[in-house]
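Numbering of residues begins at 1 and proceeds along the displayed sequence. Side-chain atoms are counted along with the backbone in the values below, which use heavy atoms only and exclude waters and symmetry mates.
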Amino acid sequence: MLRLRAFRPTNDKIVKIQLHPTHPWLVTADDSDHVSVWNWEHRQVIYELKAGGVDERRLVGAKLEKLAEGDSESKGKPTEAIRGGSVKQVSFYDDDVRFWQHWRNRSAAAEAPSAVNQHPSAFNSPAPSTRGRHFLVICCENKAIFLDLVTMRGRDVPKQELDNKSLLCMEFLAKSAVGDGPLVAFGASDGVIRVLSMITWKLVRRYTGGHKGSITCLMTFMASSGEAFLVSGASDGLLILWSADHIHDSRELIPKLSLKAHDGGVVAVELSRVMGGAPQLISIGADKTLAIWDTISFKELRRIKPVPKLACHSVTSWCHPRAPNLDILTCVKDSHIWAIEHPTYSALTRPLCELSSLVPPQILASNKKLRVYCMVAHPLQPHLVATGTNIGVILSEFDARSLPAVAPLPTPPGSREHSAVYIVERELKLLQFQLSSTANPSLGSTGSIPETGRSRADSTEALVVKQIRKHISTPSPHDSYSILSVSSSGKYVAVVWPDIPSFSVFKVSDWSVVDSGTCKLFAWDTCRDRYALLEAALPPRIPVVKGGSSKKAKEAAAVAAAAAAAAASAASAATVQVRIILDDGTSHVLARSIDGRSEPVIALYGGALLGVAYRTSRRINPMAATAISSIQSMPLSGIGSSGVHSSFTQFDDSFSSGKPPTAEAPPQNFQLYSWETFQPVGNLLSQPEWTAWDQTVEYCAFGYHQYIVISSLRPQYRYLGDVAIPCATGAVWHRRQLFVATPTTIECVFVDAGVAPIDLETKRRKEEMKAREAQSRAVAEHGELALITVDNPQVATSERASLRPPMLQVVRLASFQHAPSIPPFISLPKQSRIDGDDPVTHKEAEERKVNEVAVAGGGVSVAVTRFPQEQKRPVGPLVVVGVRDGVLWLIDRYMCAHALALSHPGIRCRCLAAYGDAVSAVKWAIRLGREHHDDLAQFMLGMGYATEALHLPGISKRLEFDLAMQSNDLKRALQCLLTMSNSRDIGQEKSSTDVTEILSLTAAKKENLVDAVQGIVKFAKEFMDLIDAADATGQANIAREALKRLAAAGSVKGALQGQVLRGVALRLANHGELTRLSGLVTNLITAGHGREAAFSAAVLGDNALMEKAWQDTGMLAEAVLHAHAHGRPTLKNLVQAWNKMLQKELEHTPTVKTDAAAAFLASLEDPKLTSLGEAPKKPPIEILPPGMASLSAPPITIKKPTAALTSAPAGGAQITTPQQPAKPLMLEAAPPVENPDNKTPASEPANEPTPVPEPVNEPPVPEPVSDPNASSNGTVVPPLVGEMPESTL
């Protein structure tokens, strides 16, 4: 629970420290007056300077700047050359610091029941802005240094400009006149407070007549009356109140009130927010005391000595849910952070943590003791506490994931008032909250749409919340850290005190206790009023430690370690029980123990399934046994208390310590169990930090340190994805929206499971099951006659069920940071005239543009941004209540309800669509700028609302086409395609399409034609998809319209690709568009697409056209094969043309460049021709189809024999004559046959050398051939590469 968040070792003592509220920046000053700004998140030093003396780098930089500006002669010594002296205070100042300082003061003042202004309208007062600059302000004795961390430019204000008095402390004033800009008050050594303007850098006014000694601390705060005060403490021991409201008063202001606070001087003063009461002031003094003051009567409420022998040097108010009774942290010069419990009555002081256990042991030298010299808590994240020590800066993190002890109750239907139950000290209380009845932006009034307006940008809560706290007569048995949870029905509330350990289940109707006992872990079932718990034994009583010292703290730690060991042994034997609350309100044990694993249980998670995490074996640091924090020894206040107080122990299990994930894989120690059978479901998983289950049991989210895993549960468990939201503390589902809280932001994750194959399969099975059920019902009712059916002619229109991937979209709703404003050095002051003659700078023009609201038709206000500006996240840990009344409710540590508006149309439309009301989402979209409609339509498409998204008025044609295809609105898809491709007038039948009309086309028409063809080519794939979709759903007219366009584009030479052309041909044939198809073939031949043309002709069934396609595009081999297979009369001509082409290719062999040696060796290897005389004897190439006679041989005359020749079979085998019955079958090749003129054989295989023929005195009769590739004259023709079997053509 306690861990070291960041550590920066230093050689000198760190004596001043300050944290920035929104950026991970920490400024420190050491005792040798070196100031450094450190980014604790990335462990990086941003800036360093020597503030006490003269920083040479700054001096040189200032001189160079002056030279660059042309100011060569310096009028005097530059202010950078003045020695600063000792650093008295360091601070940040920018818009974020200003806003959160004002917010802290307002919210503390509004807690009081008598507060004048409990709603945050006062936040809208325009405060002076730093315009994007981030100032580091260093108060030194001799000067104040204002350094802009953006531009790295500085401004030094010497004490001579502030009446030449040493500067000892400073504070920024919230209210100022318009011309003054930001104001900073400096406390000086003469007891006077001087106020400096950060615009003019001049002294504005003085606060005089109060202190006799030097001023040591300054702070502004607001009383519950709404009046702003400046309080100062000085070395004379006085606390003096000054009015900080009267900004237009005289330059010298006198004190309102003076209090004697401490002997020996006031060291520091701090504001403390009190739940349900007026704010209090805390002061610490040199007299080792701490005093608490009421801000209404300004009387002393309590005075204590936190650590008797040592004076406190730092104090801060603290409000952490893990330690609900600790309100003040303070530090003395030892190694602890001390906490004060219930400061106004019991005021027990105890060590919160021992810092030396956090520091790496090698840094802490054996002879060096850790000493704390300054301490500050993070203003917005109370779990972070920074301390400056003699060895460096330690940033500690105290259990960032613990949440306030509050549980929202379900709202009765029809009610606008919501309630939550919470525990304060020893009492259960009810918080009732609702939106104020004034005009509310969340409820749909169009006047409040401009979320980007300036008034909202400065407002932390855009919505006015009315809330009251009510007492419940039921007391709480303990006042330590508690965890509240509500049952699924909302009738029961469980409270667990894990540190006691104890639990109670209350009935909401009368707050009676239904069940109670000892238990550390507890989890509800989200479907029924069932719960699981891990019973635990009570640990031994631990003695109370009064006062505080290191020795006592060590003793307490030893006792705590022994207690922890005893508790661990008891926990290992504990089992998980499941109980149910029956209708009569009694609890009943369902299962004594869940048969799980033997390891001890460390966490339980409620939900539709019960999650159990087991302790895995882990490596334990040797220091773990002794370095348990001494806070574990804290007793409970009150009588008869027993047990252990909330513990910030450093060495807890890896889950609780919140360590960032290391390189090694996390252990698989998390098992889900069924609430019904108590059997394991699925395999072991990595243990999440929290789980969130949808009420409809459709989705679940498991939160891990760096990400959130989101899964779908129906029809079966399916991982959807993970979103990178680190350090999330909890989340709530609202249909398909997951609202997530992190320590710094509020996020909304929109989730949709999409459509997976399993979903389609489940749908089909359900339909089959329904049909079977209906049939069985009919049989039961009417007997076997019910099975007789009459077949009606049915139109086959199949619904195209398309798969859809899951969708996860994250939108940030709130954060701490101000909207980023443009620094003045980036936006150059260009003069531009807007709305008249008043010249305004470019920056102001941009601001005006952001804040303006466009007006749509009908006078409806339209948001010009896609999403609203991030709203301000409430401070500290939050419980997410969920969406009620159209706003997101949150409850903070002070049990205050906050509402985040979801009224910006960009968010509202998404929420409505995710909730399932897509029609309302489209209606709301008229309030969203049309340029954002595409984005919204994509979102709705991901959510499964393609049809509804088509009604968005501002979507682009391209997206409209996709949506129309998804929603099967093919007519609209066709219209979009025609518009996108400019092809509305292309492909229409016209009576006069002769050559004269084409020639007489005007230039404009030609241009339109070219545009249309280019458009069709660009969207060819879309046209094909549309045709297929129309064919699948029986919409032939739409397919035909699309085909006309594609065919028209196909008729242009080189427009479409081969694959597309093939597809077009098939589809034209399918639709019987034979005229267009024949035209397409002609165009394909002209374009040289032989294959495509032949394919189209084949679809058309025109053999002559196929041959023409192949012949005209040079694909003669295919033409010959086709002609041969079909017995075409053109075969001879085609074979001749083909052989001529082959002869040409052989004669024109490409010459390869070779050297002489290679040529000589080649001639030796391949001596084909022995003399020149043999050259003319080389026969021409002849490749013939099977069964075709030689082309060069004269016609063969065959005398008819007496026996009739049998007809040859169709397989290509030749005629066998009876004169030669004993001739063997030749499988390889037939012997050559003599021809009458004793010439060389007519044809040869193209790939073999020519054999020399031998004359044979036999009559020339056909040879019996068994090889189908042998020709009729005995020559073997090799099979052609790529030839097709005849049967296929």
Side-chain angles (χ1 to χ4, degrees), residues 795-800 802 946-947 949-951 955-993 997-998 1001 1004-1053 1055-1084 1087 1092 1095-1096 1099-1100:
V795 181
T797 56
S798 63
E799 183 73 22
R800 294 184 318 121
S802 57
T947 313
L950 271 173
H951 296 288
I955 51 176
S956 63
K957 287 292 174 190
R958 170 72 226 176
L959 185 58
E960 189 180 345
F961 170 76
D962 289 340
L963 292 169
M965 290 291 286
Q966 287 275 346
S967 56
N968 286 325
D969 188 352
L970 301 186
K971 192 171 182 183
R972 187 159 177 182
L974 176 66
Q975 297 300 325
C976 291
L977 264 187
L978 297 184
T979 307
M980 286 192 292
S981 58
N982 296 322
S983 60
R984 203 169 285 280
D985 302 326
I986 300 297
Q988 306 295 330
E989 292 88 346
K990 290 181 183 172
S991 54
S992 55
T993 52
E997 188 189 345
I998 292 170
L1001 274 175
K1005 281 188 179 176
K1006 284 179 186 172
E1007 198 173 311
N1008 289 349
L1009 194 66
V1010 169
D1011 281 353
V1013 171
Q1014 285 175 342
I1016 295 168
V1017 170
K1018 185 177 176 184
F1019 295 106
K1021 183 181 178 297
E1022 284 76 11
F1023 271 107
M1024 303 281 267
D1025 291 344
L1026 178 60
I1027 293 164
D1028 292 345
D1031 287 345
T1033 51
Q1035 302 178 52
N1037 54 340
I1038 289 174
R1040 205 168 288 121
E1041 285 295 320
L1043 261 175
K1044 285 177 190 174
R1045 270 73 186 181
L1046 271 180
S1051 64
V1052 177
K1053 183 175 179 180
L1056 294 174
Q1057 299 297 317
Q1059 194 68 30
V1060 179
L1061 286 167
R1062 239 181 257 191
V1064 172
L1066 263 179
R1067 287 164 178 81
L1068 282 170
N1070 187 28
H1071 282 268
E1073 295 274 349
L1074 302 184
T1075 314
R1076 279 199 168 82
L1077 187 56
S1078 57
L1080 181 69
V1081 176
T1082 315
N1083 291 317
L1084 286 170
E1092 286 73 20
F1095 181 79
S1096 307
V1099 171
L1100 202 57

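To the nearest 0.5 angstrom, L1026 atom CG is 9.0 Å from Q1035 atom CD. F1023 contributes atom CZ, which lies 5.5 Å from atom CD1 of I1016 (distance to the nearest 0.5 angstrom). Separating the OG atom in S1096 from the CG atom in L1068 is a distance of 8.0 Å, to the nearest 0.5 Å. Taken to the nearest 0.5 Å, the CZ atom of R984 stands 5.0 Å off from the CG atom of L978. The distance from atom OG of S967 to atom CG of D962, rounded to the nearest 0.5 Å, is 10.5 Å. The OG1 atom of T1033 sits 6.5 Å away from atom CG of N968, with the distance rounded to the nearest 0.5 Å.
Side-chain N or O atoms of R1067 include none that pairs as donor or acceptor with a backbone N or O of I1027 at under 3.5 Å. Between the R972 side chain and the L950 main chain, a donor and an acceptor come within less than 3.5 Å of each other.
Salt bridge status for R958 with E1022: present, with a side-chain N to carboxylate O gap under 4.0 Å.
With a 4.5 Å cut-off on side-chain heavy atoms, H1071 and D1031 count as touching.
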Requested in this report: Could you please spell out the steps behind the side chain to side chain contact (heavy atoms under 4.5 Å, CB included) verdict for F1019 and S983?
Outcome: CA-CA 11 Å; F1019 295 106; S983 60; over 6 Å; no
Query raised in the report: Does the side chain to side chain contact (heavy atoms under 4.5 Å, CB included) test come out yes or no for R1040 and I1038, once each step is laid out?
Result: CA-CA 5 Å; R1040 205 168 288 121; I1038 289 174; over 6 Å; no
Requested in this report: Step by step, work out the side chain to side chain contact (heavy atoms under 4.5 Å, CB included) result for L1046 and M1024.
Outcome: CA-CA 8 Å; L1046 271 180; M1024 303 281 267; 3.6 Å; yes
Query raised in the report: Run the side chain to side chain contact (heavy atoms under 4.5 Å, CB included) check on D969 and T947 step by step: do they pass?
Result: CA-CA 8 Å; D969 188 352; T947 313; over 6 Å; no
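Of all the heavy atoms in V1060 and A1020, the pair that sits closest is CG1-CB, 4.1 Å.
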